[in-house]
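Encoded as structure tokens, the structure appears first; notes follow it.
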Amino acid sequence: MKKASCHFQLVLQTAVFLCFLLCGCASSGIDSVALDEAFYAGDYSLCAELIQNASKSKKHSQIDRLLDIAILEHYAKSYEASSRTFSDADRAIEAAYTKSIAKAVGAASLNEGISEYAGNIYEYILLNAFNSLNYYNMGERDEALVEIRKIEIKQKEYIAKYGELALEDEEADYSSANSFAKSIHVSMDSVYRRIPRKPTEADLYKDSAFAHYLAALLYLQDKSGSPELHAREYSALSRGAGYASLKEDLAVPAGMGRLDIISLAGKIIERQEGTVYIPSFAENGTPLFITSIEVNGAVIPAFRLKYVYPYVQEDKSGNLVRPPDSIQSVTVTLDGGDSSRLKLIEWFDDAVRKDVAVKARKEFARSIVRSTAKKAAAVTSASFAISAAPEKLRFLAEIAAVKSLDAVDLAETADVRQCRYFPSFAAGGGFTVRPGMYSGKVEYFDAQGNLAGTDRFENIRVSPGEIAIVESVCVK
């Protein structure tokens, strides 16, 4: 009897350890309520401070937090601090991506969110564009152009390699998942029908229209580099009447100048977690569970299988679903009365959609293999614990079994990490004007035409034959 009791204790401890192992997820440490309140109040310095303070206890680079802090510092016009943080993020992404795109470290056995975050490809490109604006706003135009040249290097040396690896089709081995499902009389057909589509060449984020637009303006202003080349590249990416044009900047009349406004608007959409459960749900929405399964002579408590993948919300027509109060249009009015509606340069929201399309299939396949293996281990551990338990203590083994089974589902989460505070889109446009000093306002409107925010600029000097660039931000 004593020997059986000791065996039960050992098995029970194993089950409890498995529970703690599976649900041992570290808290972010961020006061999300305070963070949201500060963001929507426009206190971007406080937002950056809250994230920075929560990051101090973390040992790894936390690239997503570096990017959040950097862009928030930029919105707060703390350009020097933002530049340093963007540079830190740039180096961290380069180091992390060099490792992670060559092999998916830990992803096959660990939750996607536990493996090292290497940043998303569009973040790796856009951070230099935003950092270029940091230097421009500090009056360091040479450094602004250095950031542009970094983008040019990345596009040549990095994007092609990323594209090849991103489109590689991993052949997942579902044999172990099928075997376990068969042992508990569960069909995986409904799961395999939910596997996201294969990504195509069109899903790759290859280039940034915003980066080319900004590069063209900066080179024109500096009278160096190849602004015409960047203008052509921008035009190739942004065709149509709804997009901003660089034609007037390329041909400023003699004796006139150009006042250009670049607007960063809205808050980028965030990827979400998609979930597939086996069994699924009853018609009334009640969760269904696998019950009365006997393993090693023990009846296993009710459980279900959970699989995850990232997705972005789209309507039936395939359009991204944005909040109804999100910014949709931007208008600039000079104090002298001239007014112009800015046109789209680039939707950064679409970069998120492309990134998700590239990653969703692989992450779902890994989730099937990973989550099934963990659930099988939890079921086996539960069966041994329950079988070994003395009658009077069996309820303890069943409680531990329930905790272990639930812990598998709690630990199985999709990787939805990204910079949460990049703008939703960039818009641009401007005025060909006589030399002089100009002030005005930039107004932001939602889809219903309601005024969402106003940003002023004051005493901008425009010289003959020169281009003056004004950055405006409204990301509420």
Handout entry: Test log, rule side-chain contact (heavy atoms from CB on, under 4.5 Å), inputs Val352 and Phe348
Key = CA-CA 7 Å; Val352 180; Phe348 303 126; over 6 Å; no

So [Y] and [X], do their side chains get closer than 4.5 Å, heavy atoms only?
X	Y	answer
Thr413	Val308	no
Ile121	Asp355	yes
Val416	Gln272	no
Phe86	Asp90	no
Ile151	Ser208	no
Asn131	Ser87	yes
Tyr192	Ile368	yes
Ile184	Ile300	no

Testing the basics here: between [X] and [Y], what is the closest heavy-atom pair and its distance to 0.1 Å?
X	Y	answer
Leu66	Ala92	CD1-CB, 4.4 Å
Cys474	Ala452	SG-O, 4.4 Å
Ala397	Ala389	CB-CB, 4.0 Å
Ile327	Gly266	CD1-N, 3.8 Å
Val276	Val191	CG1-CG2, 4.4 Å
Ala209	Ser238	CB-OG, 3.4 Å

Practice task
Apply ring pair (Phe, Tyr, Trp, His ring centres under 6.0 Å) to Tyr309 and list each qualifying residue two or more places apart in sequence or on a separate chain.
Solution key: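 Scan of Tyr309 (ring pair (Phe, Tyr, Trp, His ring centres under 6.0 Å), adjacent residues dropped) gives Phe364.
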
Problem - Residues in ring pair (Phe, Tyr, Trp, His ring centres under 6.0 Å) contact with Phe39, at least two apart in sequence or another chain - result: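 Per chain and number, Phe39 pairs via ring pair (Phe, Tyr, Trp, His ring centres under 6.0 Å) with Tyr44, Tyr421.
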
Practice task
Determine, step by step, whether Ser472 and Tyr444 satisfy the side chain to side chain donor-acceptor pair (under 3.5 Å) criterion, reporting the C-alpha distance in whole Å, the side-chain angles of both residues, the deciding distance to 0.1 Å, and the verdict.
Solution key: CA-CA 10 Å; Ser472 174; Tyr444 295 81; 2.6 Å; yes

Give a yes or no answer on whether the side chain of [X] reaches the backbone of [Y] with a donor-acceptor pair at less than 3.5 Å.
X	Y	result
Asn296	Ala298	no
Ser383	Thr380	yes
Glu73	Thr85	no
Glu471	Leu133	no
Glu346	Phe210	yes
Arg304	Leu288	yes
Asn450	Asp446	no
Asp315	Ser317	yes
Glu363	Val356	no
Ser371	Lys306	yes

Handout entry: Evaluation steps, side-chain contact (heavy atoms from CB on, under 4.5 Å), between Glu37 and Val33
Key = CA-CA 6 Å; Glu37 287 178 353; Val33 174; 3.7 Å; yes

[atom1]-[atom2] distance between [X] and [Y], expressed to the nearest 0.5 angstrom:
X	Y	atom1	atom2	value
Ile93	Tyr117	CD1	OH	7.0 Å
Glu443	Ser263	CD	OG	12.0 Å
Asn137	Ser132	CG	OG	9.5 Å
Ile195	Tyr174	CD1	OH	3.5 Å
Glu270	Ile268	CD	CD1	9.0 Å
Leu320	Trp347	CG	CH2	8.5 Å

In terms of side-chain geometry, is the basic nitrogen of [X] or [Y] positioned less than 4.0 Å from the acidic oxygen of its partner?
X	Y	result
Asp203	Arg361	no
Asp64	Arg420	no
Asp415	Lys359	no
Arg91	Glu94	no

Handout entry: Residues, nucleotides or ligands: over 12 heavy atoms within 6.0 Å of Glu80 CD
Key =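 At most 12 heavy atoms, drawn from other residues, nucleotides or ligands, come within 6.0 Å of this atom.
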
Handout entry: For Ser424, side chain to side chain donor-acceptor pair (under 3.5 Å) partners two or more places apart
Key =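 So Ser424 forms a side chain to side chain donor-acceptor pair (under 3.5 Å) with Asp349.
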
Exercise for the section: List for me each residue that meets side chain to side chain donor-acceptor pair (under 3.5 Å) alongside Tyr79, sequence neighbours excluded, and say none if there are none. Expected result: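 Side chain to side chain donor-acceptor pair (under 3.5 Å) list for Tyr79, sorted by chain: empty.
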
Problem - Parallel, tilted or perpendicular: rings of Phe422 and Phe130 (30°, 60°) - result: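 Perpendicular.
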
Practice task
Measure from NZ or CZ of Arg341 to the centre of the six-membered ring of Phe445, then state whether that distance is under 6.0 Å and the direction lies within 45° of the axis.
Solution key: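 Judged by the rule, Arg341 and Phe445 form no cation-pi pair.
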
Problem - Aromatic Tyr124 / basic Lys154 pairing, under 6.0 angstrom, 45° off normal - result: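 Geometry flag: set, cation within 6.0 Å and 45°.
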
Could you check whether [Y] and [X], counting side-chain N and O atoms only, form a donor-acceptor pair closer than 3.5 Å?
X	Y	result
Tyr122	Asp350	no
Asn134	Ser83	no
Ser235	Tyr243	no

Practice task
Under the salt bridge (charged side-chain N to carboxylate O under 4.0 Å, His left out) rule, what do Glu147 and Lys150 come out as? Steps first, then yes or no, please.
Solution key: CA-CA 5 Å; Glu147 294 299 313; Lys150 287 180 181 179; 3.1 Å; yes

Exercise for the section: Using the side-chain contact (heavy atoms from CB on, under 4.5 Å) rule, take Phe303 and Lys375 through it: C-alpha gap first, then chi angles, then the decisive distance, then the call. Expected result: CA-CA 9 Å; Phe303 68 94; Lys375 188 71 77 170; 3.9 Å; yes

Handout entry: Any residue meeting side chain to side chain contact (heavy atoms under 4.5 Å, CB included) with Ala244, in chain and number order, not counting sequence neighbours
Key =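 Only Tyr213, Tyr234, Lys343, Ile345 meet the side chain to side chain contact (heavy atoms under 4.5 Å, CB included) criterion with Ala244.
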
Exercise for the section: List for me each residue that meets side chain to side chain contact (heavy atoms under 4.5 Å, CB included) alongside Ala376, sequence neighbours excluded, and say none if there are none. Expected result: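 Ala376 satisfies side chain to side chain contact (heavy atoms under 4.5 Å, CB included) with Phe180 only.
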
Handout entry: Arg394/Glu391 under side-chain contact (heavy atoms from CB on, under 4.5 Å): CA gap, chis, key distance, verdict
Key = CA-CA 5 Å; Arg394 186 159 297 170; Glu391 187 67 32; 3.6 Å; yes

Problem - Residues Arg353, Glu314; criterion salt bridge (charged side-chain N to carboxylate O under 4.0 Å, His left out); working and verdict - result: CA-CA 10 Å; Arg353 172 163 50 185; Glu314 298 176 331; 3.1 Å; yes

